[in-house]
Amino acid sequence: MTDPNVRPDGPDVDEDAVVLDAKGLRALAHPVRVQLVGLLRKYGPSTATRLAERLGVNSGTASYHLRQLGAAGFVEEDAERGNARERWWRSVHRTTWFNDPELAEREPEAALAYQQSVAAIYTLRTQQTLNGLQTMPSAWRNTFDMSDWALRLTPEEAAALYRELTEVIARYRRDVPETAASAPEGAERVAVITQILPDLDAPAASSLPSDALEEEGSPTS
């Protein structure tokens, strides 16, 4: 993927991925930094000025956060493109994994800030697609989907569900520079966002009235 990702235990991490440690988690605990990394992964090397225009911030802010990301090892200067007037930056990795429950417990504020930033980016991406839906080619407009299903699972079943979903996604062509030229005609970038959200505030089945139990399992969308 081109954006940071949060996951439970799952398949082996790709060679072009970074697994967050405490330093990395604190470095990404800012929404602008999460977005900067995502843009560099999605569109390739760029300057602070161009990235600032995409994000709607000033170039000084973008430059500051890029330097912080560089110090943490997420981005690096692109010496082949840079010059005395302009610094170009590129992403060091293609994906980010955050799968350490103990780290989340040790760094709760940083973990929450990072996860909230990722969630906000996913929401923004969905809204941008909705805003452009009417002008989208019909073939792609007909593939657009927002669905949710209410399931009653154990933690082990939820982890198994996640692994099965990632196995399905892995069968399809990844959005990486190496596959762009060989992709078939009509192939475009598609974002697949998975969310497994435990609803721990919901009452247990045994505490529901009998008529509510009869309704359990009806589709929500």
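Keep in mind that the numbers below use all heavy atoms, side chains included, and drop hydrogens, waters and symmetry copies.
Taking the side chain as every heavy atom from C-beta outward, Leu40 and Leu51 approach each other to under 4.5 Å. Annotation: side chain of Leu151 is in contact with side chain of Leu161 (closest heavy-atom distance under 4.5 Å). Counting heavy atoms from C-beta on, the side chains of Phe74 and Leu28 come closer than 4.5 Å. Contact of the Glu188 side chain with the Trp140 side chain is registered, since non-hydrogen atoms from C-beta on lie closer than 4.5 Å. In this structure, Phe144 and Leu133 have side chains that are in contact, with non-hydrogen atoms separated by less than 4.5 Å.
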| query | When you look at Arg81 and Thr47, which way does the side-chain contact (heavy atoms from CB on, under 4.5 Å) test go after all the steps? | reply | CA-CA 10 Å; Arg81 299 173 185 263; Thr47 65; over 6 Å; no
| query | Checking side-chain contact (heavy atoms from CB on, under 4.5 Å) for the pair Arg174/Thr95: CA distance, chi angles, key distance, verdict? | reply | CA-CA 12 Å; Arg174 290 186 62 196; Thr95 57; 3.9 Å; yes
| field | Residues Leu130, Met146; criterion side-chain contact (heavy atoms from CB on, under 4.5 Å); working and verdict | value | CA-CA 10 Å; Leu130 285 171; Met146 290 194 303; 4.2 Å; yes
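Proximity of a side-chain donor or acceptor of Arg94 to a complementary backbone N or O of Asp175 within less than 3.5 Å is detected. Remark: the backbone N or O of Lys42 is paired with a side-chain donor or acceptor of Arg189 at under 3.5 angstrom. The closest donor-acceptor contact from the side chain of Arg41 to the backbone of Ser91 lies at 3.5 Å or more, if one exists at all. Remark: the backbone N or O of Ala119 is paired with a side-chain donor or acceptor of Thr123 at under 3.5 angstrom. Side chain of Glu157 to main chain of Thr154: a donor-acceptor pair is present (N/O by atom type, distance under 3.5 Å, no hydrogens or angles).
Placement of Leu197 and Phe98 in two distinct hydrophobic clusters is found when ILVMFWY residues are connected by side-chain heavy-atom separations under 4.5 Å, directly or transitively.
Other residues, nucleotides and ligands contribute more than 12 heavy atoms inside 6.0 Å of the CD atom of Gln195.
For Thr49, there are no side chain to side chain donor-acceptor pair (under 3.5 Å) partners, not counting sequence neighbours. For the salt bridge (Lys or Arg N to Asp or Glu O under 4.0 Å) test, residues two or more places apart in sequence or in another chain that qualify with Glu76 are Arg90.
When all heavy atoms are compared, the tightest approach of Ala48 to Trp89 is N-CD1, 4.5 Å.
Listed by first then second residue, pairs satisfying side chain to side chain donor-acceptor pair (under 3.5 Å) with a partner in residues 62-74 read Arg33-His65, not counting sequence neighbours.
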